[in-house]
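Quick notes on the structure that follows.
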Number of protein chains: 2
Amino acid sequence: MLQLTKDGEYGVRAVLHLASDPMRFSDIKEISAAQDVPGNYLAKIMQQLARSGLVRSRRGAKGGYALSRPPRRITLREVIEAVEGPIFLNVCLIRKGECPRDAICPVHDVWREAQRRLFEVLDSRTMEDLAGEGVKKAARAKGSRA
Amino acid sequence: MLQLTKDGEYGVRAVLHLASDPMRFSDIKEISAAQDVPGNYLAKIMQQLARSGLVRSRRGAKGGYALSRPPRRITLREVIEAVEGPIFLNVCLIRKGECPRDAICPVHDVWREAQRRLFEVLDSRTMEDLAGEGVKKAARAKGSRA
DNA sequence: TATAATCAAGACTAGATTAGTCCTATATAC
DNA sequence: GTATATAGGACTAATCTAGTCTTGATTATA
């Protein structure tokens, strides 16, 4: 449907939560409450993030999750692809020859260009950038409420 | 899944087929054979395109479909949205206030920007452009086969 | 070392979407 | 009147979405 799923959305929220205090281990309960994500569902997503290597986990009491790299070195695209798998705006982009019509299809090049531009945006935003933006936005939101 | 469905893909193929001879009425059988789309499935998609107004239909013998506007005035985005519905890369973009976290979410703006850039690409390609590209590509493919 | 906390892995589910197929009714050219 | 087409809708199998729940392994700490 050309739309990000909840997996991607929740994954980004979780990583942003970790990015706000990168060295601390946060557990599912904390992330779930702070980021408004169902706990049992978040658990699956965190496992995926851990398997991808973006996040490391620690079991047992005082366990939880922390980033494996500084937030500055994690892009939005990496997080999304870690939980959703690689992005292909059209199946014809999965690999050369995936679509037998490639040689004659005039739309293929447009999708390639569209995907390139999407990646430009998603690659250019790091978790550090976004976490900083989040702090600013939260402050503004609080200010306007006062 | 952040991916175009077959509906969109087939819809574009069909409209491009009509664009190659915009005034002629082509029937399902012709489009289906030429564009490699299952006939019964294509029928549903053509009805959707007709309802959207992009294409007009004529029933009965010698009936079929033709474009309602010159190919130069139909964009790729229009065709895709006619069959798939409006594009929203993330649910938070559907409308202001759709996501209760908008005021504090730092990712919202990134999705808005990403969608804007995607639209730039999809809005800039008309069916005339693409049909022309298709003719060129077909000629090249034929040449390289010879 | 017993216990409580916490992640890991996977089974399970209801509902929606995807990618079709098929049938009946209606309209039109000849 | 008949053959040809679209219109509309019912139907389906397979997959995806967005969860929930259970069991098992690991770890800090009293």
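Remember, predicted model here, so these are calculated numbers, not experimental data. Chain naming here is simple, since letters A, B, ... match the order of the sequence lines and numbering starts at 1 in each.
Between dT6(C) and S57(A), no contact under 4.0 Å exists linking OP1 or OP2 to a side-chain N or O. Regarding contacts with the backbone of dC16(D), every side-chain N or O of T5(A) stays at 4.0 angstrom or more from both OP1 and OP2. For the pair Y41(A) and dT13(C), the criterion of a side-chain N or O lying under 4.0 Å from OP1 or OP2 is not met.
Between dA7(D), dT21(C), dA8(C), one nucleotide has an atom nearer to the side chain of P38(B) than all others, and that is dT21(C).
Taking atom CD of Q3(A) as the reference point, atom C1' of dT18(C) lies 15 Å away to the nearest angstrom. Distance, L4(B) CG to dT18(C) C1': 12 Å, rounded to whole Å. Distance, L42(B) CG to dA7(D) P: 11 Å, rounded to whole Å. Per the geometry, CD1 belonging to I28(A) stands 13 Å off P belonging to dT20(D), to the nearest Å. Following rounding to the nearest Å, I45(B) (CD1) and dT6(D) (C1') show an atom-to-atom distance of 15 Å. Here dA4(C) presents its P atom at 18 Å from CG of D27(A), a figure rounded to the nearest Å. Between the CG atom of L49(B) and the C1' atom of dG8(D) there is a distance of 16 Å, rounded to whole Å. Following rounding to the nearest Å, L2(B) (CG) and dT17(D) (P) show an atom-to-atom distance of 11 Å.
A donor-acceptor pair is defined here as one N or O able to donate and one able to accept, closer than 3.5 Å; no such pair exists between the side chain of E128(A) and the backbone of P70(A). No side-chain donor-acceptor contact under 3.5 Å links R112(A) to the backbone of R116(A).
Q48(B) and R51(B) form a side-chain donor-acceptor contact under 3.5 Å, judged by distance and modelled atom types alone.
Each of G39(B) and A50(A) was matched to the nucleotide of DNA chain C holding its nearest heavy atom; the match closer to the 5' end belongs to A50(A).
For the side-chain contact (heavy atoms from CB on, under 4.5 Å) test, no residue two or more places apart in sequence or in another chain qualifies with S20(B).
One hydrophobic cluster holds both L2(B) and V12(A) under the rule that ILVMFWY side chains link at heavy-atom gaps under 4.5 Å.
Ion pairing between a basic and an acidic side chain is recognised when a charged N comes within 4.0 Å of a carboxylate O; R13(A) and E9(A) show such pairing. We find that R69(A) and E78(A) are joined by a salt bridge, their nearest charged nitrogen and carboxylate oxygen being less than 4.0 Å apart. A salt bridge is defined here as a Lys NZ or Arg NE, NH1 or NH2 lying under 4.0 Å from an Asp or Glu carboxylate O, and K137(B) with D109(A) meets this definition.
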Atom pairs under 3.5 Å, N or O on each side, protein against nucleotides 9-11 of chain D: can you list them with distances?
residue, atom, partner, partner atom, Å
dG9(D), N7, K44(B), NZ, 2.4
dG9(D), O6, K44(B), NZ, 3.0

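Separation of the Y65(A) and F25(A) ring centroids does not fall under the 6.0 Å cut-off.
Using a 4.0 Å heavy-atom cutoff across all strands shown, M1(A) reaches sugar-phosphate atoms only and no base atom. Backbone-only engagement by Y10(A) is indicated by non-hydrogen atom pairs under 4.0 Å involving sugar-phosphate atoms exclusively.
Taking 4.5 Å as the limit, every side-chain heavy atom of L67(A) sits out of range of all side-chain heavy atoms of L54(A).
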Fill in: Per-nucleotide protein contact string for nucleotides 25-30 of chain C (B base, S sugar-phosphate only, - none; heavy atom under 4.0 Å)
-BBBSS

